[in-house]
Amino acid sequence: MEHVQQTDLPRPVYRHISTFLRSFSTSGLLVGILFFAVSLTPSLIPRPYLIQAVISGFSLAAGYAAGVSLRWLWSFFELPEPTVRRARTLKIAAAIVSIAAAAVFLWQAAHWQNTVRHIMGLEPIESAEPVKLGLIAVLMFIALVLLARLFRLTFRVLSRWLQYFLTRPIANALGGLVALALFWSAANGVIFKFALRAADSSFQQLDALMDPEIAPPADLARTGSGASLVHWDELGRQGRQFIASGPTGADIGAFFGAAAPDPVRVYVGLNSAETARERAKLALEELKRAGGFERKSLIVVVPTGTGWIDPEALDTVEYLLHGDVASVAVQYSYLTSWLSLLVEPGYGADAADALFDAVYGYWTTLPRDRRPKLYLHGLSLGAMNSQGSVDLFDVISDPFQGALWSGPPFPSALWRSVTADRVAGSSAWLPRYRDSSAIRFTSQENALDIPGAHWGAMRIVYLQYASDPVTFFDPHSFYREPDWMKPPRGPDVSPALNWFPVVTGLQLLADMALATTSPMGYGHVYAPEHYIDAWMAVTDPQGITAEDVTRLKARGRCTSAPRTGWYPGVCPSP
C-alpha cells in the first residue's frame, strides 16, 4: 500500500499496469531478448535506426511467442513446475538479464551497421540511436502482444459460445478458424486494401504529372512526336523521361570520333490502349514507323513496376552499339516493383508476353540476313517478366541473340532453376551453369570471361550483386540458412552477417524495402560499368577497343554522379 501511495499514478492505472507487466512470460522474455539481440546484427543493406527498431520489435515479439510456446509445451507434458516464490524470482532475474543483454547489444549496433557501410564505401555512423531504437522496438512489441491477446480473447469468446452447440474440441477448432478469418479479413480487406488503393492512386497521379522541362520531341521519327502513333501525354512520366533522355547520335559520334545515328526508342504507356495485347500491337507498329527494324540491333525491354527503365543499362548499350540500335518497351503498372509483384503479378507477365510475341513474331518474318539482332533486357521485376515471356524451346529453331537480366527477383522461375542446377562447387551468388555456353553470371567483378568456355548461338547474362536482397531473399531463410550465406560469400556481404531462425527472414524482408537505398554498385542499384561488361558479353560489339571500354566506364560514372551522388570527386568540374 505504501508503494502505491508513493507513485504518481492513480491506483487503478497502477494496478492495471502492474497486472499487465506480471502477465508476461519469463521464458517468453528470455527467448524474445535473444531474438532482439540477434536482430541488431547486420544483414545486406545498411539500416536507419527507425527501420532497425521495427525489425527488432517484430523479432522481440517472434521470440516471445516462441518462448511462450516452449512454456506451453512444458506444461502440456506435465513437467515439474516452480513454486510461486521461485517463479517470481526467475521473472525478476529474467528481467534483469534481458535489460542487461539489450543494453550490451544496443551498444554494439553501430559497430555492426558500420561493417556493412565500410564495404559499401559509406561514412561510418557514430551512434545507432540506442535509446530511440530500444524505445520504439519495445512499443512495437507491446502493440503486437496486445494484438495477439485480442486474438486470444476473440478465440475464447467464440469457442465458449460454440460449446453450447458443439463438443469442446470441435468448438475450439472452429473458434480458432473463425477468429483467424476475422483477423485476416480485417487486415486484408480494410488495412491492406485501403493502403493499396491509396498507393495506386498516388502512383497514378505521379505518373500523370507533366514535367514542364520535358517537351514533346520535334523529331517526327520519335515516339510522342506529332507524327507518332502514341500521344505524348499518354506515355506516362517514366515513358516521357525515357524518350527524352539518352545519348543522341551527336553524343555518340563525338565520343568515338565518327558519325553515328540517333538510337531509336519506342515506349507505349499504360493509357495508350486498353489491353496488354493492344499496347503490344501499338508498340510494334510504332517500332516499324520509327525504323526500329532497320537498325543492326533491337532490344525488347520490360520496365520495372512503375514503368521505369534504368538509364545505366540503356545508355551504355547505345554507346557500345554506336547508336545503331532500337529499343521498345510497354508500361504495365503504376506501382513500384515490389507492390506490383504483390498486387498485380499477372499484369507484368501479360505485358511482357504480349510484347515479345508481337516483336518476335514479326521479326521471324524478316529475311535473316537483313533483320536486326534481337536482344531482351529487364531489371528487377522487369527481369522476371522478361524471362517469363519466352520459352527457350519455342525459339530454338530461330533463336534471338541474347538477353541481359539484372537483379532478377527471387521468385524468377528460370533464374531459380538455373541457380539450383549450378555446377557443383560454384557459389549460389555467382553460379556456373553447365558448360557456360548459353547462360553466365556476373557481379561487380567481371566473371564472364571463363577459360575454356565458348558462347553458343544465344548469350544470356545475369547481372546480380550478392548484396541484393531483391534477388537473394529466400522465404526458407526463416527456418534454414540460405546457400548464398555459406562460404565463400560475396565480397559485398558483411562477414558479421550470421543466420538465425526467423530473425534473418525479417531482416531480409526489411532489406528488400531498402534495396534501392544502397550506393550504386551494391544492393539493387546497378552501376554502368557493370552493365558495360555484361553488354559486351551479350552483344559482342564490333570496333570497340579496351581503351573505349575504359573511357565509357569513366563516362558512365560521371553521368551517374548527378543522379545518384555515389561517385563524389571522380569527374572534373564542368
Side-chain angles (χ1 to χ4, degrees), residues 41-48 51-52 55 110-125 304 308 310-313 316 336-338 379-383 404-410 415 427-431 441-448 461-474 477 482 484-485 487-498 504 507-534 553-554 556-571:
T41 60
S43 52
L44 294 178
I45 303 294
R47 301 188 291 264
I51 301 297
Q52 179 61 66
I55 298 170
H111 165 72
W112 283 322
Q113 286 299 308
N114 284 335
T115 64
V116 184
R117 297 178 68 85
H118 174 74
I119 290 173
M120 295 186 177
L122 296 172
E123 291 293 326
I125 57 172
T304 62
W308 181 68
D310 191 354
E312 317 304 344
T316 51
T336 57
S337 287
W338 68 274
L379 163 68
S380 192
L381 185 57
L404 170 54
W405 292 315
S406 49
F410 66 93
W415 174 85
S427 62
W429 58 272
L430 195 63
F441 291 77
T442 191
S443 189
Q444 287 95 339
E445 294 293 328
N446 188 1
L448 296 169
V461 168
Y462 285 100
L463 172 60
Q464 58 191 40
Y465 299 150
S467 56
D468 187 350
V470 174
T471 297
F472 291 107
F473 172 78
D474 185 351
S477 63
W484 59 265
M485 288 185 65
R489 287 183 177 180
D492 47 337
V493 175
S494 171
L497 190 159
N498 292 292
T504 299
Q507 289 177 319
L508 294 178
L509 276 175
D511 283 344
M512 281 204 295
L514 298 172
T516 57
T517 65
S518 63
M520 181 167 281
Y522 301 94
H524 201 54
V525 185
Y526 288 84
E529 58 264 39
H530 306 144
Y531 272 121
I532 290 170
D533 290 333
K553 288 182 177 181
R557 287 191 289 269
C558 291
T559 55
S560 298
R563 289 194 295 266
T564 65
W566 299 125
Y567 291 115
V570 301
C571 304

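Keep in mind that this is a model prediction, so the values were computed, not measured.
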Q: Atom CG of L44 and atom CG of D468: how far apart are they, to the nearest 0.5 Å?
A: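 With rounding to 0.5 Å, CG (L44) is 8.5 Å from CG (D468).
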Q: Can you tell me how far CG of L404 sits from OG1 of T316, rounded to the nearest 0.5 angstrom?
A: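 Going from the OG1 atom of T316 to the CG atom of L404 covers 8.5 Å.
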Q: Roughly how far, to the nearest 0.5 Å, is CD1 of I125 from CZ of R47?
A: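 Going from CZ on R47 over to CD1 on I125, the span is 10.5 Å.
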Q: Is there side-chain contact between P409 and M512, with at least one heavy-atom pair below 4.5 Å?
A: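 When only atoms from C-beta onward are counted, M512 and P409 do not touch, as no gap falls below 4.5 Å.
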Q: Side-chain contact, heavy-atom cut-off 4.5 Å: Q464 with L430?
A: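 Heavy-atom side-chain distance check fails, nothing below 4.5 Å.
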Q: So F473 and F410, would you call those rings parallel, tilted or perpendicular, with 30° and 60° as cut-offs?
A: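 If you compare the ring of F473 with that of F410, the planes turn out perpendicular.
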Q: Any chance the rings of Y526 and Y465 have centres within less than 6.0 Å?
A: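 Centroid separation for Y526 and Y465: below 6.0 Å.
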Q: Under a 4.5 Å cut-off applied to non-hydrogen side-chain atoms, are P495 and I119 in contact?
A: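 In short, these two side chains touch, coming nearer than 4.5 Å.
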Q: Would you say that W429 contacts P482 through its side chain, given a criterion of any heavy-atom pair below 4.5 Å between the two side chains?
A: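 Not in contact.
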Q: Is there a side-chain contact between H530 and T442 (heavy atoms, below 4.5 Å)?
A: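 They are not in side-chain contact.
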Q: Rounded to the nearest 0.5 Å, how far apart are NE2 of H524 and OG1 of T471?
A: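 With rounding to 0.5 Å, NE2 (H524) is 6.5 Å from OG1 (T471).
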Q: Just so I know, are the side chains of L379 and Y531 near enough to count as touching, which here means a heavy-atom distance under 4.5 Å?
A: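 Yes, close enough: below the 4.5 Å cut-off.
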Q: Are any of the side-chain heavy atoms of L381 and T304 separated by less than 4.5 Å?
A: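 With C-beta onward as the side chain, the pair stays apart.
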Q: Under the rule for salt bridge (Lys or Arg N to Asp or Glu O under 4.0 Å), what residues qualify as partners of D310, not counting sequence neighbours?
A: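 D310 satisfies salt bridge (Lys or Arg N to Asp or Glu O under 4.0 Å) with no other residue.
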Q: Can you measure from NE2 (H111) to NE2 (H118) and round to the nearest 0.5 angstrom?
A: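 Atom-to-atom, H111:NE2 and H118:NE2 are 11.5 Å apart.
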Q: Do Q507 and P42 have side chains that get closer than 4.5 Å, going by heavy atoms?
A: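 Result no, sub-4.5 Å side-chain heavy-atom pair not found.
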Q: When rounded to the nearest 0.5 angstrom, what is the spacing between CZ in F441 and CG in L448?
A: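 One gets 11.0 Å once the value is rounded to the nearest 0.5 Å.
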Q: Do N498 side-chain atoms and A496 backbone N/O form a donor-acceptor pair below 3.5 Å?
A: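 Such a contact is found between N498 side chain and A496 backbone.
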